[in-house]
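Reading through the structure tokens given below for one structure.
Here is how names work: the chains are called A, B, and so on, in the same order as the sequence lines, proteins then strands, and each is numbered from 1.
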2 protein chains.
Amino acid sequence: MTTIKDIAKAAGVSITTVSRALNGYSDVNEKTRQKIIEIAKQLNYSPNTLARGLVMNKSKTIGLLVSGLTRESAKDNFTFEVLAGVNQYVSEVDYDMVLFSTTSTKQREKTYTQLCRERRVDGAILQGIRVDDPYLQEVVESDIPCVLIDIPIKSETVGYVTTDNVLGAKKAAQHLLALGHRHIAMVNGYEYAFVSEQRFKGFREALLEAGIFLNEQWVVNGAFQEEKAEREALRLLQQHPEITAFFCASDLMALGVMKAAKKLGKRIPEEIAVIGYDDIILASYATPPLSTIAQNKFAMGYEAAKLLIEMLEGKAHSHVKILETELKIRESTVKNQ
Amino acid sequence: MTTIKDIAKAAGVSITTVSRALNGYSDVNEKTRQKIIEIAKQLNYSPNTLARGLVMNKSKTIGLLVSGLTRESAKDNFTFEVLAGVNQYVSEVDYDMVLFSTTSTKQREKTYTQLCRERRVDGAILQGIRVDDPYLQEVVESDIPCVLIDIPIKSETVGYVTTDNVLGAKKAAQHLLALGHRHIAMVNGYEYAFVSEQRFKGFREALLEAGIFLNEQWVVNGAFQEEKAEREALRLLQQHPEITAFFCASDLMALGVMKAAKKLGKRIPEEIAVIGYDDIILASYATPPLSTIAQNKFAMGYEAAKLLIEMLEGKAHSHVKILETELKIRESTVKNQ
DNA sequence: GTGAAAGCGCTAACAT
DNA sequence: ATGTTAGCGCTTTCAC
């Protein structure tokens with residue numbers, strides 16, 4: 001493989017000149033530069049980023065740390081879209097992305113921090129990592145610049161991007177309220193998940209502002225799982241037939257709730273209205289199509305990458321980026337829209 | 001960041017010894033090794049893979065080249081599952097994966113080959129690249145070890161993994177035939193796509209063997225797009241009302257065909273049976289759930305990575321891996337299964 | 001069993 | 001405008 005040394009020899013100049021010419025420095029004769037570029041092309045030269053990274057002490061690589069990169073996670077296409085967004089920005093600014101996942105059987109024989117340090121990534125984006133992940137703390141406290149998705153931690157080297165979950169949930173609840181629903185249940189995610197907490201807050205606010213009593217018994221956790229949500233909804237519907245609407249903290253859970261309603265022979269949306277959160281692909285293909293609060297997952301990835309690289313280059317104004325959500329009204333809440 | 005030099009100093013040995021100790025060479029005193037390992041731990045040492053890669057001339061990194069890593073491609077979760085499979089194997093054998101995509105706006109200012117050479121990836125897996133992609137040829141002809149997904153090219157440095165598309169299509173057609181269908185249409189992908197060609201072949205064989213006349217007019221191309229397939233199916237159903245079943249070369253197209261049938265008020269599967277190909281997530285969530293030929297996309301990625309790394313380490317028996325498919329019977333072909 | 005020295009390909013002072 | 005030199009962190013002969 002050609003090196004700048006080969007080029008230098010062929011051009012009859014020193015390797016320094018070649019380096020400078022190829023890197024667009026101004027202090028090199030334009031004629032020499034042209035000649036060098038020409039020869040580089042002829043010799044089919046590709047710079048060795050390993051060598052460059054070694055000497056410059058940065059790799060122009062960012063790590064994307066995700067957990068649960070399984071077949072299962074294809075259902076909610078969250079991880080994938082975030083990844084696509086990250087990749088998009090990263091390639092626009094000529095960085096590369098290496099993927100670290102912790103699903104594997106080797107199950108974290110190395111910590112996130114080690115992974116990052118060994119590869120000498122300049123920074124990392126963390127997605128789908130649970131707040132109680134023991135290694136999250138470690139990487140956040142390390143000196144590796146990080147951007148977290150949906151985890152609100154901020155420091156000198158750490159930023160995050162999230163959506164306005166309080167407002168999103170509020171919009172969902174207000175939509176149901178506007179449709180006349182007064183007996184609204186909520187299927188939330190985990191107790192300790194940041195987004196769950198926020199979405200519950202928004203839900204509560206909406207009810208409060210509408211002067212509706214919030215029945216705590218009607219708020220259950222579905223662990224973001226379709227089956228669990230289905231079971232919980234089934235129970236709820238049987239015990240409390242007065243419920244007419246569900247707000248779910250994820251679309252996958254909303255699909256589970258719809259299944260439960262169908263099992264009980266309840267028509268959607270006439271007898272039970274259901275609204276989800278996320279706008280996964282399945283939402284618009286469900287029967288009936290699922291109303292939801294759409295998060296722009298691609299944009300989340302894109303903005304995370306943008307924020308991280310701005311941080312790396314010292315031009316980040318803020319370390320926090322909050323994106324908007326959008327209410328998508330489909331037939332699971334309104335007939336014949 | 002700690003280097004082996006620091007460790008050497010702390011341990012009072014040479015850097016050579018540190019290197020050997022840490023890399024498990026046998027010719028180092030067990031006591032020295034323990035001491036060195038201890039110190040390395042204390043100093044929170046991480047090996048610099050850039051430096052190592054530079055001197056060893058291999059990076060323990062493979063590139064995953066995909067095209068069309070867009071929001072759109074989330075629908076058919078093909079890319080994502082392949083990626084997950086690749087990632088799984090790669091992390092099992094302590095390699096890393098860097099993702100190169102060519103969706104970006106910078107639209108291939110660099111060729112695949114350049115991307116790979118600059119990062120000094122040891123090899124590459126190519127997925128979703130079209131056979132007529134101008135840069136495919138280049139990378140295949142380069143000296144970079146490659147494994148292609150669903151493109152049958154084989155050489156000293158190139159291998160591929162695919163599924164048995166002829167057999168898969170045959171199984172689909174035979175399923176329809178067994179149900180009594182005699183007027184079967186096919187919605188294929190592109191004219192020049194390898195898999196399309198194979199799937200058509202299998203379809204034709206099944207009909208031939210059953211002694212059924214293959215009406216070429218009933219075979220159309222849907223470009224693997226839902227909308228295009230819908231339009232084509234609509235036209236076909238209007239012009240040839242005798243058609244009772246569709247075999248589609250992708251699930252996404254099958255969903256389009258189902259839409260067309262519904263538009264014409266035809267009941268599925270009673271009046272029109274539809275079977276797809278791929279088994280994307282949407283298939284099982286469609287109404288009615290879509291029968292299909294399932295490809296194990298995760299396994300394709302996993303096997304591709306395995307093949308590539310075996311090739312890199314000179315222990316690949318064959319450069320070709322053909323996976324099996326599975327007929328999944330759902331309600332789009334059979335009621336009340 | 002251990003160390004000295006060379007070198008991977010590149011950038012960056014520091015000359016000239 | 002160009003060249004000389006040192007060095008990034010590591011592995012690997014080759015001595016001892």
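Between the side chain of B:Arg120 and the base of C:dG9 there is no donor-acceptor pair of N/O atoms closer than 3.5 Å.
Of all heavy-atom pairs between A:Tyr135 and A:Thr111, the closest is CE2-CG2, 3.0 Å.
Partners of A:Lys321 according to the side chain to side chain contact (heavy atoms under 4.5 Å, CB included) rule, which considers only residues two or more places apart in sequence or in another chain, are A:Val161, A:Glu303, A:Leu323. Under the rule for a side-chain hydrogen bond (donor to acceptor under 3.5 Å, both in side chains), the partners of B:Arg119 that lie at least two apart in sequence or sit in another chain are A:Thr61, A:Asp96. By the salt bridge (charged side-chain N to carboxylate O under 4.0 Å, His left out) test, A:Arg52 is found to be paired with no residue, residues two or more places apart in sequence or in another chain being considered. Listed by chain and number, the residues in a ring pair (Phe, Tyr, Trp, His ring centres under 6.0 Å) with A:Tyr89 are A:Tyr302 (sequence neighbours excluded). Residues satisfying the ring pair (Phe, Tyr, Trp, His ring centres under 6.0 Å) test with A:Phe100, not counting sequence neighbours, are none. Scored by the ring pair (Phe, Tyr, Trp, His ring centres under 6.0 Å) test, A:Phe224 finds A:Tyr190 as partners (sequence neighbours excluded).
When only modelled atom types and interatomic distance are considered, B:Gln34 and B:Glu38 share no side-chain donor-acceptor pair under 3.5 Å. No hydrogens or angles considered: nothing links the side chains of A:Thr16 and A:Ser19 as a donor-acceptor pair under 3.5 Å. Looking at B:Glu141 and B:Gln137, their side chains do bring a donor and an acceptor atom within 3.5 Å of each other. Counted by atom type alone, B:Tyr112 and B:Asp133 present one or more donor-acceptor pairs between their side chains at under 3.5 Å.
To the nearest 0.5 Å, atom CG of residue B:Leu83 and atom CG of residue B:Asn77 are 12.0 Å apart.
Nearest nucleotide to the side chain of B:Asp27, out of C:dG1, C:dC14, C:dT11: C:dG1.
Applying the side-chain hydrogen bond (donor to acceptor under 3.5 Å, both in side chains) rule to pairs touching residues 146-162 of chain B yields B:Asp150-B:Thr162, B:Thr162-B:Asn165, sequence neighbours excluded.
An end-to-end axis angle of 40° holds for the helix from C:dG1-D:dC16 to C:dT16-D:dA1, taken from five base pairs per end and rounded to 10°.
For DNA chain C, the residues of residues 47-60 of chain B within the heavy-atom distance limit of 4.0 Å (strictly under) are B:Leu54, B:Val55, sorted by number. If you check residues 29-43 of chain B against DNA chain D, you find no residue with a heavy atom closer than 4.0 Å. Within residues 6-16 of chain A, the residues that place at least one heavy atom under 4.0 Å from DNA chain C are, in residue-number order, A:Ile15, A:Thr16.
Using modelled atom types, no side-chain atom of A:Ser46 and backbone atom of B:Arg117 make a donor-acceptor pair closer than 3.5 Å.
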* Should A:Leu148 and A:Val140 be marked as a side-chain contact (heavy atoms from CB on, under 4.5 Å) after you check the CA-CA gap, both sets of side-chain angles, and the distance that decides it? -> CA-CA 9 Å; A:Leu148 311 175; A:Val140 159; 4.2 Å; yes
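Bounding nucleotides for the chain A contact on DNA chain D, 5' to 3', at a heavy-atom distance below 4.0 Å, are D:dA1 to D:dG9.
The interatomic distance linking A:Lys5 (NZ) with C:dT11 (P) rounds to 15 Å, in whole Å. In this structure, A:Met1 atom CE and C:dG9 atom P are separated by 10 Å, rounded to whole Å. We find that CD1 of B:Ile4 is positioned 15 Å from P of C:dT2, with the value rounded to whole Å.
A sub-4.0 Å separation between OP1 or OP2 of C:dC10 and a side-chain N or O of A:Tyr45 is present.
The pair B:Asp94-A:Lys110 meets the salt-bridge criterion, since a charged nitrogen lies less than 4.0 angstrom from a carboxylate oxygen.
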